[in-house]
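Structure record follows, encoded as structure tokens.
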2 protein chains.
Amino acid sequence: MSQSQSKPPTPARRSEATRTAILDAARERFAADGYERATIRAIAKDANIDPSMVMRYYGNKEGLFAAAVAIDLKLPDPASFQRDEVGRALVTHFLAMWEENEVLTALLRVGATNQAGAERMRGIFGEQLLPLARRVCPDPEQAPARAALASSQLLGLALTRYVLRFPPAVALAREEVVAWLAPTVQRYLTAPHPA
Amino acid sequence: MSQSQSKPPTPARRSEATRTAILDAARERFAADGYERATIRAIAKDANIDPSMVMRYYGNKEGLFAAAVAIDLKLPDPASFQRDEVGRALVTHFLAMWEENEVLTALLRVGATNQAGAERMRGIFGEQLLPLARRVCPDPEQAPARAALASSQLLGLALTRYVLRFPPAVALAREEVVAWLAPTVQRYLTAPHPA
DNA sequence: TACGTTGGCCTACGCTTGTTGACATGAGCC
DNA sequence: GGCTCATGTCAACAAGCGTAGGCCAACGTA
């Protein structure tokens, strides 16, 4: 074992290529079809490998999904935000994240019909957006509600633009989306409680 | 007398009861499980009938779904809106519609993973919300974009509250939701184009 | 050369799915 | 009585699913 460690420090497993090919194909299928219709067989075919490879590397379909949608929203350090620009910054950042790859679309599509997917979605927004809300919103006690409201607008846009594909929502330019949504998110996070 | 009424010229098909039992069960299952996992067998069992009855009455699963989610948003006559209250009226109305029965939840869950479901969703919002937007927004040319923005917020709330069930979104009282969202929808529909 | 490990394919099992068609039942009309 | 049609049950089909396990080729090490 000391040998195996001295010889190839990282054997650069040639299986790594297969693993990522599977994950890429899985993300694409989950994003396009949702959980049930994204079959292991179809994913394997996309990745040009045998279905049993998926089982070997990820255990079962649930494990594959979990690995495929492990994601970090990569929100910048809350301290680095200008408080009155948080709305614009968030909307811009989310648009970039959604269009960068298909992970978030996959997560949303699956979350709509799958218990584990919904749980994962709650986790991501609860753990990553909530801390930021706590920082910028006036009363920390309102942070969960305010984060949820901001989520509702951000996810609603993603839903209409990337999942349901309402033509006018798809047609909007990025800057237009930002111009419209930034004040909304800003208000949800920092404005005084209405009424 | 009672006989002539109990056996009317139109036999008042006793299948009508079965038909609606199927539809009720179907709506419940589609809302809870989405399209794929809502199996015809499960729906039939809920309705206490044989799966083949579903086929007889609705042709196939797609037909059943189409019948189950035929819905009218029941938006009031656009002319009856006070222009500066359209945001509050819409949010209130939508909350009531979503909580009145499970059709909209079923539609959203299915729309997220099913092509036909997404198409139906586009149709409903395009045909029922758009005319209202045309009435109240300043420049009719912007109506589609503004209606889509309003949809994004309304559907985003439904997504987080009724589908993904973010705890803070579920916990919000109806009046609170209205207080937060009404200004947003109002702005999307009637405020001057930003920037 | 022989060997264990790794990466990969193939076949098959058990199950569920949507869908079909043959058969039973029961009420209304001749 | 018989006929007809609407209503409902039952059994079965072909297809597709997730998953399991055995077999094979290639390679690094002894």
Side-chain angles (χ1 to χ4, degrees), chain A residues 1-26 29-30 32-68 110 113-117, chain B residues 2-23 25-26 29-30 32-68 110 113-117:
Chain A
M1 34 182 66
S2 60
Q3 281 187 350
S4 66
Q5 203 180 11
S6 62
K7 235 339 184 169
T10 52
R13 317 264 186 179
R14 57 192 203 289
S15 70
E16 210 56 34
T18 304
R19 291 181 116 98
T20 66
I22 293 176
L23 280 193
D24 287 346
R29 283 280 176 177
F30 281 132
D33 296 337
Y35 191 80
E36 331 285 335
R37 292 194 16 238
T39 68
I40 289 188
R41 286 168 148 94
I43 292 168
K45 179 174 284 185
D46 287 358
N48 281 312
I49 48 96
D50 189 89
S52 63
M53 290 281 93
V54 177
M55 309 300 296
R56 189 188 317 262
Y57 290 137
Y58 298 100
N60 56 26
K61 192 175 178 177
E62 270 194 45
L64 172 63
F65 174 72
V110 173
T113 47
N114 181 278
Q115 187 53 46
Chain B
S2 64
Q3 277 192 351
S4 66
Q5 210 179 10
S6 68
K7 323 223 170 178
T10 51
R13 319 268 184 180
R14 60 191 201 289
S15 71
E16 209 55 35
T18 304
R19 293 181 114 97
T20 67
I22 294 176
L23 280 193
R29 284 279 176 177
F30 282 132
D33 297 337
Y35 189 80
E36 330 286 333
R37 294 196 12 239
T39 68
I40 289 188
R41 285 168 151 95
I43 291 168
K45 179 175 283 185
D46 288 357
N48 282 312
I49 48 96
D50 189 89
S52 64
M53 288 281 92
V54 177
M55 308 302 296
R56 196 198 291 278
Y57 289 138
Y58 298 100
N60 55 27
K61 193 176 179 179
E62 269 194 47
L64 172 63
F65 173 73
V110 172
T113 47
N114 182 278
Q115 187 52 45

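The chains referred to below are lettered A, B, ... by the order of the sequence lines, with proteins before strands, and numbering in each begins at 1.
Rounded to a whole Å, the OH atom of B:Tyr58 is 17 Å from the P atom of C:dG18. Put simply, CE on A:Met53 is 11 Å from P on C:dC10, counting in whole angstrom units. Straight-line distance from the CZ atom of B:Phe65 to the P atom of C:dG18: 14 Å, rounded to whole Å. Taking atom CG on B:Asn48 and atom C1' on D:dC10, their separation rounds to 17 Å, with Å as the unit. The CD1 atom of B:Ile49 sits 12 Å away from the P atom of D:dC10 (whole-angstrom rounding). In this entry the distance linking CZ of A:Arg29 with P of D:dG16 reads 14 Å, nearest Å. C:dT16 atom C1' lies 15 Å from atom CG of B:Asp33, rounded to whole Å. Atom CZ of A:Arg19 and atom P of C:dT6 are 12 Å apart (whole Å).
Applying the side-chain hydrogen bond (donor to acceptor under 3.5 Å, both in side chains) test to pairs two or more places apart or on separate chains, those with a residue in residues 46-60 of chain A are A:Arg29-A:Asp46, A:Asp50-A:Ser52.
From A:Ser15, atom OG reaches atom CD1 of A:Ile49 across 12.0 Å, with rounding to the nearest 0.5 Å. One finds the CD1 atom of B:Ile43 at 9.5 Å from the CG atom of B:Leu23 (value rounded to the nearest 0.5 Å).
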Please list, for nucleotides 19-22 of chain D, all pairs of protein and nucleotide N/O atoms separated by less than 3.5 Å.
from   : atom 1 : to      : atom 2 : distance (Å)
D:dT19 : OP2    : A:Lys61 : N      : 2.9

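Side-chain N/O atoms of A:Ser15 include none lying less than 4.0 angstrom from OP1 or OP2 on C:dG8. Between A:Thr39 and the phosphate of D:dC17, there is a side-chain N or O to OP1/OP2 separation shorter than 4.0 Å.
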Just distance, no hydrogens or angles: give the donor-acceptor pairs under 3.5 Å from side chains in residues 33-40 of chain B, sequence neighbours left out.
from    : atom 1 : to       : atom 2 : distance (Å)
B:Tyr35 : OH     : B:Glu62  : N      : 3.4
B:Arg37 : NH1    : A:Thr113 : O      : 2.9
B:Thr39 : OG1    : B:Ala42  : N      : 3.0

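Summarising the geometry of B:Ala26 relative to B:Ala68, their closest heavy-atom pair is CB-CB, 4.2 Å, with the distance given to 0.1 Å. Considering every non-hydrogen atom in both A:Ala21 and A:Ala47, the closest pair reads O-CB, 3.7 Å.
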